[in-house]
A.B. asks: 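Have a look at this one before I ask anything.
Sequence positions, counted from 1, serve as the residue numbers for this chain.
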Amino acid sequence: MADPKRTDDLRVMPWWYVLIGVLLAIALGWLVLDWLLGEADRATGVDTRATLRVDAIRTGLTVVAGTGGGLALLLAARRQWLSERAQRHQEFVTTRDHSHRERIQAHTEQVATTTQQHQEEQTRIADYDATQRRVTDLFTKAVDLLGSDKAAVRLGGLYALERLAQDNAGQRQTVVAVVCAYLRMSDENEGDPDDDGATTTHEDEVRRSAQRLLTRHLHADLPDSYWPEVRLDLAGTRLVDFDASGCTLIDADFTGARLIGTTRLTGVHAEGRLTLTRATFGVAAFDGLTTSGEFVVDDAVFGGEATFDRAQFGGEVSARRARFASASFSETVFDKTVTFDRATFTDTASFRNATFHSGFSIERGTFAAYAGFRAATFEDMAFFRWTAFEGDAYFENAVFHGAVNLGRAEFHTRASFAGATMRRRPNIDHVRAAANQTHVWPAGTTAEKEDDDWIVLVDDRP
C-alpha cells in the first residue's frame, strides 16, 4: 500500500494554476502598458507622444514577457523539484517493496520451517507410539510366557524379556522387577509334592537362568551388557547358588531371602544400602566386597561358612541378632560404626588384622567357639559388655586407641591379650573367666578367685 503522505507530495499541478499565471502576466503587462500610455499622452509634442507610446508598448510587452519568463523559470524549478521528489519517492517505494519481499520471503521460510518441524514432531510421535506399542506387545507376550506351566516356555519368556530390556534402556528396571517378582512367585508354586522331582529340577533350572539374567547385566566393567541404575528387589525370594561376583549392586534388597547352596558376592561393589535382614544363607562368600552405604544383616542366619576377608565397608554395618556358623573377617576394613549386638557365632570367628575406624559393639554377643581378634586395630570405642566367649578368645597384638568396655563379659576357656596395646584403661567391671584355664590379661589387671569355677578381673592400678 502506498504511503498517503508521499502520494500528496507528488500531486500534479492543476491546469488552472497555469491559466491564472498567464492571466496575471497579461494583466500586469496591461496595467503597465496602460499606465505608460497615459504618461505618453501627456506629452505636448506629437512626435514625442508617438515615440513615448511606442516605448510604452514595448515596455508593456517586455513586462509581459518577463513575467512569463519568471513563471516559466518557476515552473522549470518546480519540475526539477518534482523530478527529484519523484526519484526519492521511487527509491523509497523500491526499498519498501524490497523490504516487503524480504519479509514475505522470511515469513515463507518460517512457515516452511515450522511446517517441517511439525511434520518431524508428528513423525517422531508416531514412531514413539509405534515403538511403545511394539514394546508393550513384546513385554505382554513375554510375561504371558512366564506364566506357562512348561519350564521351556518360561525360559523363552525370560530370554524375550532380556532381549527387550537390552534393546530398550527405559524398560530395564521394569524387566528386572518382573524377573524378581517371578522368583518370588515361582517359589510359592514350586510344584506338586507328589511329583517325582522332575518339576522341581526344571523349576530350579529356570530359577538359575533368571538369576543369571539379573547378574549378567550388573557388571560395570562390561559396558555393552551393563544396565546402570538398576535396583534389585529380591526380598522374600529363594535363590539357588546365587552368584553376583564382580557385580555392582544399587540399593539391593534381600530381606527375608533364602539363599540356598553357595552364595557368592565376592568383589561386589554395593552402592547405597545393601539389605540382608532376616536372610538365610548356606555357604556365603563376601570376600573383597566394597560398600558405600549401609550393610544390614540384622537377624540373618548364616548356616555355613561366611567369609568377608579383605572387604571394605564404607558405610555402617549392622548385624544385630545375626547368627553365624563359621565367620571370617580377616583384613576387613570398617570405616563406620559396626554393631554385632546379640549376635551369635556358633563356630570359629576370626577378625584377624581387621581395622575398625569407628566404634565397634558386640554387647550381649556369643562366641560358641574360637574368637580371634589377633592384630586387630580399634581406632574408636570397642564394646564387649555382657559378651560370652565360650571358646578361646585371642586379642594378641590388638591395638585399642579408644575406650574398651569388657564389663560383665565371660571367658569360658582361654583368653589372651598378649602384646595388646590399650591407650586407655579398659573397663573390666565384673569380668569373669574360667578358673581352670591359663589367661593373659591386659597390663594393669589381675585376677581374683570368685569360687572354684570362676575368677574375676581386678584393676590393680592406682
A.B. asks: Tell me, do Arg408 and Trp386 make a side-chain contact under 4.5 Å, heavy atoms counted?
C.D. replies: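 Yes, their side chains come closer than 4.5 Å.
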A.B. asks: Could you tell me which non-hydrogen atom of Asp309 sits nearest to which non-hydrogen atom of Ser328, and how far apart they are?
C.D. replies: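 For Asp309 and Ser328, the tightest heavy-atom pair comes out as OD1-OG, 2.5 Å.
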A.B. asks: Can you measure from CZ (Phe356) to CZ (Phe400) and round to the nearest 0.5 angstrom?
C.D. replies: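 Separation between the atoms: 9.5 Å.
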A.B. asks: Give a yes-or-no answer on whether the side chains of Asp298 and Thr277 include a donor-acceptor pair shorter than 3.5 Å.
C.D. replies: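 No, Thr277 and Asp298 have no side-chain donor paired with an acceptor closer than 3.5 Å.
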A.B. asks: What heavy-atom pair brings Glu271 and Ser292 nearest, and what distance separates the two atoms?
C.D. replies: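 Looking at all heavy atoms of both residues, the shortest contact is CA-OG, 3.3 Å.
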A.B. asks: Using the six-membered ring wherever Trp is involved, compare the ring planes of Phe395 and Phe384 and label them parallel, tilted or perpendicular (cut-offs 30° and 60°).
C.D. replies: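 Ring orientation of Phe395 relative to Phe384: perpendicular.
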A.B. asks: Does a side-chain N-to-carboxylate-O contact under 4.0 Å join Arg414 and Asp392?
C.D. replies: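 Judged by the 4.0 Å cut-off on N to carboxylate O distance, Arg414 and Asp392 do form a salt bridge.
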A.B. asks: Check whether any side-chain heavy atom of Val431 sits under 4.5 Å from a side-chain heavy atom of Thr445, and report yes or no.
C.D. replies: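 No, every pair of side-chain atoms sits at 4.5 Å or beyond.
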A.B. asks: Using a strict threshold of under 4.0 Å (side-chain N to carboxylate O), is an ion pair present between Arg88 and Glu91?
C.D. replies: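 No, this pair does not count.
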A.B. asks: Under 3.5 Å, is there a donor-acceptor pair linking the side chains of Asp335 and Gln312?
C.D. replies: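 On atom types as modelled, these side chains qualify, holding a pair under 3.5 Å.
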A.B. asks: In sequence, state the C-alpha distance, the side-chain angles, and the governing distance for Val176 and His217, and then conclude on side chain to side chain contact (heavy atoms under 4.5 Å, CB included).
C.D. replies: CA-CA 10 Å; Val176 168; His217 298 284; over 6 Å; no
A.B. asks: Would a 4.5 Å heavy-atom cut-off, applied to side chains only, mark Arg273 and Asp251 as touching?
C.D. replies: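 A side-chain contact exists here, since the closest heavy-atom pair is under 4.5 Å.
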A.B. asks: Could you check if a side-chain atom of Phe286 sits within less than 4.5 angstrom of a side-chain atom of Val297, using non-hydrogen atoms only?
C.D. replies: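 Phe286 vs Val297: side chains apart.
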A.B. asks: Which heavy atom of Ala210 sits nearest a heavy atom of Tyr182, and at what distance?
C.D. replies: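 Residues Ala210 and Tyr182, closest heavy atoms: CB-CD2, 4.5 Å.
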A.B. asks: Keeping the roles fixed (side chain from Ser318, backbone from Phe295), state whether a donor-acceptor pair exists under 3.5 Å.
C.D. replies: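 No; zero donor-acceptor contacts below 3.5 Å.
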A.B. asks: Less than 4.0 angstrom from a charged side-chain N to a carboxylate O is my criterion; do Asp204 and Arg238 meet it?
C.D. replies: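 Salt bridge present between Asp204 and Arg238.
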A.B. asks: Verify, without hydrogens or angle tests, whether Arg184 (side chain) and Ala235 (backbone) share a donor-acceptor contact under 3.5 angstrom.
C.D. replies: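 At least one qualifying donor-acceptor pair exists.
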A.B. asks: So, the side chain of Glu294 versus the backbone of Thr275: is there a donor-acceptor pair under 3.5 Å, distance only?
C.D. replies: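 Pair absent, no side-chain N/O of Glu294 close to backbone of Thr275.
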A.B. asks: Can a donor-acceptor pair be found, under 3.5 Å and without considering hydrogens, that links the side chain of Arg310 to the backbone of Asp287?
C.D. replies: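 No, because the side chain of Arg310 does not come within donor-acceptor range (under 3.5 Å) of the backbone of Asp287.
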A.B. asks: Should Asp341 and Arg364 count as side-chain neighbours, where that means a heavy-atom distance under 4.5 Å?
C.D. replies: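 Asp341 does not reach Arg364 side chain to side chain.
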A.B. asks: If we only count heavy atoms from C-beta on, is the Ser209 to Arg212 side-chain gap below 4.5 Å?
C.D. replies: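 Yes - at least one pair of side-chain heavy atoms lies under 4.5 Å apart.
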A.B. asks: Over 60° means perpendicular and under 30° means parallel, so tell me whether Phe329 and Phe308 are parallel, tilted or perpendicular.
C.D. replies: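 The arrangement is parallel - the two ring planes meet at less than 30°.
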A.B. asks: Shortest non-hydrogen contact from Glu390 to Thr366?
C.D. replies: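 Taking every non-hydrogen atom into account, OE2-CG2, 3.8 Å.
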A.B. asks: Quiz question: by atom type and distance under 3.5 Å, do the side chains of Gln110 and Thr114 form a donor-acceptor pair?
C.D. replies: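 Gln110 vs Thr114: donor-acceptor pair found between side chains.
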A.B. asks: Search all heavy atoms of Trp227 against all heavy atoms of Leu218 and return the closest pair with its distance.
C.D. replies: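 Scanning both residues, the minimum pair turns out to be O-CD2, 4.3 Å.
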A.B. asks: Can you name the closest pair of heavy atoms from Ala376 and Phe351 and give their distance?
C.D. replies: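 Smallest interatomic distance, heavy atoms only, reads CB-O, 3.8 Å.
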A.B. asks: Taking C-beta and beyond as the side chain, do Arg424 and Val404 meet within less than 4.5 Å on heavy atoms?
C.D. replies: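 With C-beta onward as the side chain, the pair stays apart.
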A.B. asks: With a 4.5 Å cut-off on side-chain heavy atoms, are Cys180 and Leu214 touching?
C.D. replies: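 Result yes, sub-4.5 Å side-chain heavy-atom pair found.
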A.B. asks: Counting N and O atoms only, with roles assigned by atom type, does the side chain of Gln173 sit under 3.5 Å from a partner on the main chain of Arg231, one being a donor and the other an acceptor?
C.D. replies: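 Yes, Gln173 side chain to Arg231 backbone: donor-acceptor pair under 3.5 Å.
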A.B. asks: Ignoring hydrogens and geometry beyond distance, is a side-chain donor-acceptor pair present between Arg352 and Ser350 at under 3.5 Å?
C.D. replies: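 The criterion, which ignores hydrogens and geometry beyond distance, is not satisfied for Ser350 and Arg352.
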A.B. asks: Is Gln211 reaching over with its side chain to a backbone N or O of Val240, donor-acceptor style, under 3.5 angstrom?
C.D. replies: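 Looks like yes, one N/O pair under 3.5 Å.
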A.B. asks: Are Glu229 and Arg172 close enough for a salt bridge, meaning some N to O gap below 4.0 Å?
C.D. replies: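 Judged by the 4.0 Å cut-off on N to carboxylate O distance, Glu229 and Arg172 do not form a salt bridge.
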